[in-house]
Amino acid sequence: KTVCVDAYVWLHRGAYACARELCEGVPTRKHVEYFMNRARMLARGKIRAVYVFDGGRLPSKSGEEESRRRGRSEALARAKQHAMQGNASAAYEQYTRAVDVTPEMARQVIDALAKEGFESLTAPYEADAQMAYLAKHGFVDGVITEDSDLIAHGCASVFTKMGADGHGIEIRYGDLARNRDLSFVGFTPEMFLEMCVLSGCDYLPSLNGVGIKKAHGLIRRFKTYTKVLRHMKFEGISVPRDYEARFEDALLTFKFQWVYCPKRQHNVNLNDPTVVLDESTIADLPRLIGAYHAPTVAHALANSAVHPMTLETFGKAVA
DNA sequence: GGCTAGTCGTCAT
DNA sequence: CGACTAGCC
């Protein structure tokens, strides 16, 4: 059995163990140790794991990233203030809000993993799309993550909420029809994805007052987002002028994100766009999913030889 | 009541 | 990122 593991969660939890040190530039390996302890624990269960790391930022997410950066720098200012006044616990609380997981930290963990014979893979952009690709094409038997978007990305089965003891919950797309809270009888994968976008996703915030329940009800009733929006217009519900175009963009981002194919050793789209999209839409995709990488670059990025954002070789300092 | 939209906690002693 | 919850309709 082979699984892929979303490295994001352990990377963040590890950062909390040494939030002050990371914020103040004090050398520490606690976050690496936290990750390695979890990896060693998983290895004891006779499961082969591939640790998947996030790569470059998607163009569609840059706005969100800017506001988070502001929030972190404000928290860091408050942390320094508390630290100066000798209030260590109040300072720590702010350090945890200020700490950021960097590609350099990911690289430290990847090196530590390699040293003990663990496998890792850096996604060209988002790890969840990469893991969905690995699962869909049989490179792995399962996915371990905390991210619910994996089902929307077309992953048939997801293992989530795994604690230190290795226990967790398996969510299967095929089981959704038996869901108690919301009925997914008659839902296609496309309807499920459109429901996810309608209820608010990474690439598009939801309309005011529309959450998961409303989104589910609307898609169940009208089947497609086009008909949902037509209904809203008919009902006189105010919808931003560009909402439909942005909805289309969000769907394209979900479906055609760049992922790395370990067999062909270059970047491909999560789903093949050539059969369902016209030439001009395909040519427009990089605006949403980011630039195409030449095979040599894609291979170097996937194997963590280059910084996923600058594509420059990592300095020796991180090793 | 149900639902959405904000706030909180993630470590480990 | 999800979990929790105050406060909305």
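So that the names make sense, note that chain A is the first sequence line, chain B the second, and so on, each numbered from 1.
Residue R38(A) places no side-chain N or O under 4.0 Å from the OP1 or OP2 atom of dT10(B).
Atom pair H216(A):NE2 and dT4(B):P shows a separation of 12 Å (rounding to whole Å applied). Atom pair Y16(A):OH and dC11(B):P shows a separation of 9 Å (rounding to whole Å applied). The CZ atom of R97(A) sits 8 Å away from the C1' atom of dG9(B) (whole-angstrom rounding). In this entry the distance linking CG of D54(A) with P of dC1(C) reads 8 Å, nearest Å. What separates CZ of R29(A) from C1' of dC11(B) is a distance of 17 Å, to the nearest Å. Here the P atom of nucleotide dG2(B) and the CG atom of D181(A) are 11 Å apart, to the nearest Å. Atom P of nucleotide dG2(B) and atom CD1 of I212(A) are separated by 17 Å, given to the nearest angstrom. If you measure from atom CD of Q94(A) to atom P of dT7(B), you get 14 Å, rounded to the nearest angstrom.
A donor-acceptor pair is defined here as one N or O able to donate and one able to accept, closer than 3.5 Å; no such pair exists between the side chain of H299(A) and the backbone of P295(A).
Contact annotation for V210(A): backbone-only contact, meaning every heavy-atom pair under 4.0 Å involves sugar-phosphate atoms and none involves a base. Counting any heavy atom pair closer than 4.0 Å across all strands shown, K30(A) reaches no nucleic acid atom. D6(A) comes within 4.0 angstrom of no nucleic acid atom, judged by non-hydrogen atoms across all strands. Here Y92(A) lies in heavy-atom contact (under 4.0 Å) with a base.
When distances run from any side-chain atom of R68(A) to the nucleotides dC3(B), dC1(C), dA3(C), the shortest one goes to dC1(C). You'll find that the side chain of K214(A) is closest to dT4(B), out of dA3(C), dA5(B), dT4(B). For K213(A), the listed nucleotide lying nearest its side chain is dC3(B); candidates were dG2(C), dT10(B), dC3(B). Residue D202(A) has its side chain nearest to dC1(C) when only dA3(C), dC1(C), dA12(B) are considered.
Within the hydrophobic cluster formed by Ile, Leu, Val, Met, Phe, Trp and Tyr side chains joined at under 4.5 Å, directly or through other members, Y16(A) is accompanied by Y92(A).
Within the 4.5 Å cutoff, the side chain of V268(A) has heavy atoms near those of the Y133(A) side chain.
We find the CG-OG distance between L113(A) and S120(A) to be 6.0 Å, quoted to the nearest 0.5 Å.
For E93(A), the salt bridge (Lys or Arg N to Asp or Glu O under 4.0 Å) test picks out R97(A), with sequence neighbours left out.
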